[in-house]
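For reference, the structure discussed in these notes is given below.
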There are 2 protein chains.
Amino acid sequence: MDLTASPFPSPEEKRSVRAAKRDAVLRAAVQMFNARGFHQTSLDDVAASLGISKPTIYHYLGNKDQVLLECVKIGLGQLIAAAEDARTRPGTGADRLCAFLVRYAEINMDDFGRCVIRTGDEALMPESRERFRELKRRIDTDMRTLIIEGIADGSLAPCDPKLAAFTIAGALNWPARWHDPAGSESPEELARHMVDMLCRGFQPR
Amino acid sequence: MDLTASPFPSPEEKRSVRAAKRDAVLRAAVQMFNARGFHQTSLDDVAASLGISKPTIYHYLGNKDQVLLECVKIGLGQLIAAAEDARTRPGTGADRLCAFLVRYAEINMDDFGRCVIRTGDEALMPESRERFRELKRRIDTDMRTLIIEGIADGSLAPCDPKLAAFTIAGALNWPARWHDPAGSESPEELARHMVDMLCRGFQPR
DNA sequence: ACTATTTTGTACTGATGAGTAAATTGCATG
DNA sequence: CATGCAATTTACTCATCAGTACAAAATAGT
């Protein structure tokens with residue numbers, strides 16, 4: 001706890017304290033979802049891991065579906081930010097795509113990104129599922145756009161952008177399943193290495 | 001129904017009838033698991049889809065965990081068979097690897113293969129999970145072996161076999177999530193196309 | 001101090017669904 | 001015919017867990 005803080009919080013601080021608590025709930029939840037799976041995790045478990053009780057979670061988040069939705073929204077938000085960032089970079093289309101992909105892979109090894117990949121949309125309720133799909137579509141569109149630009153400027157080999165996007169995404173999503181965050185391999189290196197492989201291909205040149 | 005069959009089945013026939021019923025249960029189950037997710041599918045639902053009752057399922061399979069385990073075992077069996085088949089082929093290491101990969105991708109768009117990918121091991125009970133992991137490890141080993149052989153004979157570019165296997169597997173697993181079996185794209189073509197992309201890479205040559 | 005609002009906890013409800021007990025039918029065989 | 005086994009059903013039990021009602025602190029505003 002921060003002992004330098006005034007015991008008389010301003011409205012501003014209060015809002016941020018509330019937000020911090022909400023975030024703490026989401027972080028605890030996402031870690032448990034990733035470790036044990038959404039359906040194997042009860043909100044009682046999540047609450048217990050924070051030393052609070054279930055209704056407190058319901059005070060900050062409406063229901064379990066929303067807890068999951070917020071988690072994946074954070075992950076997807078990071079991905080969308082990465083796409084925005086890549087879009088405004090200098091260099092060839094291939095350069096921009098690779099920059100995006102490295103970041104994309106890194107995010108997928110992070111708490112919220114992992115949750116995005118590991119969450120099958122069947123887990124969400126219909127409206128949340130629609131929102132989830134919508135955001136994922138957006139990432140996919142962004143990735144395809146970068147591919148198309150790369151092909152256009154000749155920095156990428158011509159190919160079907162849709163299939164290329166699925167192939168690349170699949171390869172870079174998979175670490176969400178196998179990468180051990182506690183392991184020795186750094187996500188950054190891993191991400192770079194994988195993107196490199198995808199660019200070069202497996203045939204000798 | 002087959003009206004030419006004798007109404008006095010031999011022990012042989014009886015065994016095969018029993019096996020056929022068991023298979024029908026597994027097929028109905030796997031399709032529902034794939035469509036709605038394991039946890040969203042009750043065995044009552046599966047039974048209803050076959051016009052039978054839940055205890056009948058329990059007559060053929062011990063419990064829900066085993067139903068899922070049998071499903072993934074079938075999918076993994078197909079993959080292992082594909083690896084065996086590829087291993088005994090003529091051609092370079094790259095040829096054998098590609099043959100395996102195409103088949104691998106196809107299987108992942110099929111009922112039982114899709115289930116293998118979509119099933120997080122958290123869904124299974126500890127012992128089944130161990131069995132599941134063991135079989136998946138075997139596929140991984142086989143894939144790595146093919147990669148190593150390809151590098152050895154110069155038909156593949158040198159690379160880290162472990163990372164290559166994860167990258168390739170990720171790319172070819174992903175269709176289990178996005179490919180629509182009812183859609184117009186044929187799994188065979190798709191598989192070939194994806195493997196081709198992975199071999200060539202995205203950089204122009 | 002007094003009231004309203006926010007935060008948090010205790011103790012419930014209610015639904016869902018895995019798994020089972022026991023009865024039923026059919027067939028096979030001594 | 002009696003006995004036993006396989007297949008199948010109806011009608012349960014029982015545990016889990018999402019979600020809620022309501023009370024009790026804490027906090028803020030007046």
Side-chain angles (χ1 to χ4, degrees), chain A residues 1 5-26 28-29 32-33 36-71 122-128, chain B residues 1 5-26 28-29 32-33 36-71 122-128:
Chain A
M1 290 293 143
S6 155
F8 304 104
S10 69
E12 191 50 47
E13 283 170 319
K14 280 202 297 183
R15 235 174 303 142
S16 93
V17 165
R18 193 173 209 284
K21 289 186 182 176
R22 210 183 99 116
D23 285 358
V25 169
L26 292 176
M32 256 175 158
F33 293 164
R36 310 152 59 157
F38 178 69
H39 293 287
Q40 282 67 44
T41 304
S42 76
L43 290 188
D44 277 312
D45 292 336
V46 175
S49 84
L50 289 164
I52 63 177
S53 66
K54 182 169 56 175
T56 301
I57 294 181
Y58 280 86
H59 181 68
Y60 291 101
L61 295 148
N63 54 35
K64 200 185 177 188
D65 180 69
Q66 222 173 92
V67 173
L68 180 56
L69 180 62
E70 289 302 311
C71 288
E122 329 87 43
L124 289 158
M125 296 179 56
E127 328 98 57
S128 309
Chain B
M1 293 293 142
S6 154
F8 304 105
S10 69
E12 192 49 48
E13 282 171 322
K14 279 203 295 183
R15 234 175 304 140
S16 93
V17 165
R18 192 173 208 282
K21 288 185 182 175
R22 211 184 98 115
D23 285 358
V25 169
L26 291 176
M32 254 175 159
F33 292 163
R36 310 152 61 157
F38 178 69
H39 294 286
Q40 281 67 44
T41 304
S42 76
L43 290 188
D44 278 312
D45 292 336
V46 175
S49 84
L50 289 164
I52 62 177
S53 67
K54 181 169 53 172
T56 300
I57 294 181
Y58 280 85
H59 181 68
Y60 290 100
L61 295 149
N63 54 36
K64 198 184 178 188
D65 181 68
Q66 221 173 92
V67 173
L68 181 56
L69 181 61
E70 289 303 312
C71 288
E122 329 88 42
L124 288 159
M125 294 181 58
E127 328 98 60
S128 308

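Remember, it's a predicted structure, so these values are computed and weren't measured experimentally. In what follows, every heavy atom counts, from backbone to side chain, and hydrogens, waters and symmetry copies are set aside.
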TODO: Could you work out which one of C:dT7, C:dG9, D:dT9 sits closest to the side chain of B:P55?
DONE: D:dT9
TODO: Take atom CZ of A:R18 and atom P of D:dA26, then tell me their distance rounded to the nearest Å.
DONE: 19 Å
Task: Stretch residues 63-71 of chain B: residues that reach within less than 4.0 Å of DNA chain D through a heavy atom - done: none
TODO: Start with the C-alpha distance between B:R22 and B:V25, add both sets of side-chain angles, then the distance that settles side-chain contact (heavy atoms from CB on, under 4.5 Å), and finish with yes or no.
DONE: CA-CA 5 Å; B:R22 211 184 98 115; B:V25 169; 5.8 Å; no
Open item on the list: Expressed as a whole number of angstroms, how long is the span from B:F38:CZ to C:dA18:C1'?
Closed with: 10 Å
Open item on the list: Applying side-chain contact (heavy atoms from CB on, under 4.5 Å) to B:Y58 and B:L43, what does each step give before you reach the verdict?
Closed with: CA-CA 9 Å; B:Y58 280 85; B:L43 290 188; 3.6 Å; yes
Task: Test side-chain contact (heavy atoms from CB on, under 4.5 Å) applied to A:M125 and A:Q66, step by step - done: CA-CA 9 Å; A:M125 296 179 56; A:Q66 222 173 92; over 6 Å; no
TODO: Rounded off to whole Å, could you give me the NZ-to-P distance for the A:K54 and D:dT20 pair?
DONE: 10 Å
- [ ] Please state how far atom CG in B:L61 lies from atom C1' in D:dA6, giving the value in whole angstrom units.
- [x] 16 Å
- [ ] Decide yes or no for A:D45 and A:R36: does some side-chain heavy atom of the first lie under 4.5 Å from some side-chain heavy atom of the second?
- [x] yes
- [ ] Taking all heavy atoms of B:V46 and all of B:S49, pick out the closest pair and write down the distance.
- [x] O-OG, 2.8 Å
Open item on the list: Near DNA chain C, counting only heavy atoms under 4.0 Å, which residues of residues 41-48 of chain B show up?
Closed with: B:T41, B:S42, B:L43
Task: A:K21 to A:Y60 - nearest heavy-atom pair and separation - done: CD-OH, 3.2 Å
TODO: Whole angstrom is fine here: how far is it from OH in A:Y58 over to P in C:dC12?
DONE: 19 Å
- [ ] Would you tell me if any nitrogen or oxygen in the side chain of A:H59 comes within less than 4.0 Å of OP1 or OP2 on C:dT8?
- [x] no
TODO: Please name all residues satisfying side chain to side chain contact (heavy atoms under 4.5 Å, CB included) with A:E122, sequence neighbours left out, ordered by chain then number.
DONE: B:Q40, B:R118, B:R177
Open item on the list: Tell me the closest heavy-atom pair linking B:V67 and B:A29, and the distance in Å.
Closed with: CG1-CB, 3.7 Å
TODO: To the nearest Å, give me how far apart CD (A:Q40) and C1' (D:dA18) are.
DONE: 15 Å
Open item on the list: Tell me the interatomic distance from B:Y60, atom OH, to D:dT9, atom C1', rounded to whole angstroms.
Closed with: 13 Å
Task: Integer-rounded Å distance: C:dG17 C1' and B:R36 CZ - done: 13 Å
TODO: Compare side-chain N and O positions of B:S53 against OP1 and OP2 of D:dT10 and report whether any pair is under 4.0 Å apart.
DONE: no
Task: Approximate separation, where rounding is to 0.5 Å, of A:L26 CG and A:F33 CZ - done: 9.0 Å
